[in-house]
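Values reported hereafter were calculated over all heavy atoms of this structure, with side chains retained and with hydrogens, waters and symmetry mates removed.
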Amino acid sequence: MSEHITIHNLNFLYESQSEFLFQDLNLHFGPGWTGIVGKNGSGKSTLAKLIAGELDPHSGTIQGKQSLCYVSQDTYITREVLEDLLYNDSKESGRFKNLLKIRIESPDDYDFLSFGEKRRLLLAVALSESPAVLILDEPTNHLDFESIQIIRNTLSHYQGIGILISHDRSLLDDLATHCIFLEKNFYSQRPGNYSEGKKEMEREAIERTREWETARFVRKKLEAELTRRREEASLSHKHRSKKGLDLHDHDGRYKKNLARVSGKDGQAGRLKQQLDKRTEHLERKENEIFLRLPEKENLGILWKTETSKRKHLFLWEEENFDFGFMKLQVQSHIQILPESKIAITGKNGSGKSTLLKFLVKQLEEKKIPHLYLPQEFSKKEIQSLLWEFQNLQADVKAKVLSGVHRLGSDPKRVFESQSFSPGEIKKIFLSLRLDANPEILLLDEPTNHLDIKSLEALESSLKALRTALVVVSHDRRFVESIAKEEWSLENLSVTQKHLDRI
């Protein structure tokens with residue numbers, strides 16, 4: 001059995017596309033976890049399906065795929081497979097069921113499981129088979145912090161060749177020993193985790209940019225010299241030409257003949273030819289470097305906001321929040337100040353989104369300007385957003401398109417597509433509200449469906465925010481980056497914590 005996977009000169013394109021997604025791709029996977037990182041549409045899942053054999057390359061080879069298991073983002077599992085896992089009493093199966101905290105005893109219990117519990121069950125099935133190669137596509141997407149921790153701990157025990165597609169920076173940092181970065185025009189495979197690889201990528205990107213700028217400067221300098229030489233060559237041609245000379249001007253004709261014989265005037269022409277070749281060479285080099293330049297970093301968007309002049313945006317002095325079907329006990333009075341940066345955390349089902357919607361309702365009743373981003377949009381809401389965009393004035397529409405771009409998506413591709421991904425809809429919504437002038441932003445799982453580049457662009461946007469912010473998120477690194485205060489929902493109570501940021 002091979003202990004490595006080797007991809008050699010792989011080329012791949014979809015039938016609906018005119019350009020190759022991968023060209024001359026060469027990669028190597030050894031024991032341990034390799035992270036695959038890139039923007040949405042960069043080919044992460046396609047690469048996983050090629051390795052798994054679900055897609056065939058246009059040309060090139062993939063070697064060493066014996067005993068492979070591919071776990072997609074779907075959580076579907078057949079009853080037969082579920083029974084095999086539950087009634088498997090092998091040591092290996094028991095080990096992973098214990099690590100993943102699988103508690104169900106009958107297949108009939110499956111329909112009552114949470115999304116996170118189903119996800120862990122699927123991983124238990126894969127790991128119990130002891131595959132030599134395990135490919136995971138976004139294993140922690142939509143999971144709460146506890147489930148993410150359980151999965152992270154379990155995956156650290158896997159000894160085979162692991163391939164991990166994820167936007168979870170903490171997971172990539174904890175598990176990956178190598179990372180593959182898929183960029184628009186090239187790819188890069190690097191030792192180390194995500195943060196280490198990103199740091200090295202940024203260092204090399206600065207070097208490539210300097211190299212390109214140098215090549216461009218030298219080429220422009222040569223072009224200026226070439227222009228001068230062309231003028232000299234043109235004058236040289238005139239010097240040697242007898243056209244226009246009087247037939248009896250023997251002295252003039254003698255000088256022209258002397259110039260031709262000595263070749264002095266022809267030297268400018270030869271120098272021009274040499275410069276032509278050097279300029280062509282530099283132009284090719286400049287274009288080659290340009291194709292490998294990093295994509296322009298997404299700096300995020302900036303909402304038109306003002307810090308509220310109110311003493312409180314929200315103040316709750318009662319002992320609990322009563323939502324009818326749920327009560328959350330409050331340990332002390334809850335408040336949102338004009339510059340508060342609050343993260344609401346807790347397990348799935350603990351009431352985070354319910355509490356956020358309650359806050360929205362309170363703000364609406366008090367007529368406090370706010371911006372609320374729901375976790376998901378209905379089809380009707382999406383159609384309404386698109387209708388709103390299509391009816392904007394040209395200058396406002398351009399601003400929205402710029403916002404979508406600065407949040408990590410190609411506006412042209414987004415609005416030319418027949419359907420929109422959940423991540424793209426979030427970017428359109430946020431960009432449409434740039435001039436909403438809210439006193440507070442309330443965001444429910446804003447990082448769901450976003451690739452790392454888009455996530456970091458949004459993170460940058462929220463760090464620069466001057467107004468109040470309340471965000472629901474399971475992404476610990478994101479929370480600690482933007483929030484100063486945490487409302488932790490646990491055991492039907494709300495606990496306030498101060499987040500110290502060094």
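For residues 364-375, no pair satisfies salt bridge (charged side-chain N to carboxylate O under 4.0 Å, His left out), with sequence neighbours left out. Residue pairs meeting the salt bridge (charged side-chain N to carboxylate O under 4.0 Å, His left out) criterion with at least one member in residues 372-392, sequence neighbours excluded: Glu388-Arg433. Sequence neighbours left out, the pairs with a member in residues 95-110 that pass salt bridge (charged side-chain N to carboxylate O under 4.0 Å, His left out) are Arg79-Asp108, Glu92-Arg95. Within the structure, side-chain hydrogen bond (donor to acceptor under 3.5 Å, both in side chains) pairs that include any residue of residues 27-36 comprise His4-His28 (at least two apart or interchain). Applying the salt bridge (charged side-chain N to carboxylate O under 4.0 Å, His left out) rule to pairs touching residues 145-163 yields Glu146-Lys347, Arg152-Asp174, sequence neighbours excluded.
Taking the six-membered ring wherever Trp is involved, the centroid distance between the rings of His142 and His449 falls below 6.0 Å. Taking the ring centroids of Phe321 and Phe358, they lie under the 6.0 Å cut-off.
Within the 4.5 Å cutoff, no side-chain heavy atoms of Lys39 are placed close to those of Ser454. Side-chain contact between Leu455 and Asp475: present, with at least one pair of heavy atoms (C-beta onward) separated by less than 4.5 Å.
Evaluation of the salt bridge (charged side-chain N to carboxylate O under 4.0 Å, His left out) rule for Glu459 yields Arg169 as partners, not counting sequence neighbours. Residues that satisfy the ring pair (Phe, Tyr, Trp, His ring centres under 6.0 Å) test with Tyr110, not counting sequence neighbours, are absent from this structure. For the salt bridge (charged side-chain N to carboxylate O under 4.0 Å, His left out) test, no residue two or more places apart in sequence or in another chain qualifies with Asp144. Take Asp435 and apply the side-chain contact (heavy atoms from CB on, under 4.5 Å) test, not counting sequence neighbours, and it matches Lys304, Lys399. The salt bridge (charged side-chain N to carboxylate O under 4.0 Å, His left out) check on Glu138 picks up nothing, with sequence neighbours excluded. Annotation: side chain to side chain donor-acceptor pair (under 3.5 Å) contacts of Thr467 (sequence neighbours excluded): none. Here Glu486 pairs with Arg476 under the salt bridge (charged side-chain N to carboxylate O under 4.0 Å, His left out) rule; sequence neighbours left out.
Distance alone, capped at 3.5 Å, places no donor-acceptor pair between the Ser460 side chain and the Glu456 backbone. Here the side chain of Glu117 pairs a donor or acceptor atom with the backbone of Ser114 at under 3.5 angstrom.
The two residues Leu21 and Ser42 come nearest to each other via the heavy atoms CD1-O, 4.0 Å.
In this structure, CG in Leu371 is found 11.5 Å from CG in Leu363, a value given to the nearest 0.5 Å.
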Residues Phe429, Phe377; criterion ring pair (Phe, Tyr, Trp, His ring centres under 6.0 Å); working and verdict: CA-CA 10 Å; Phe429 173 82; Phe377 288 90; 5.3 Å; yes

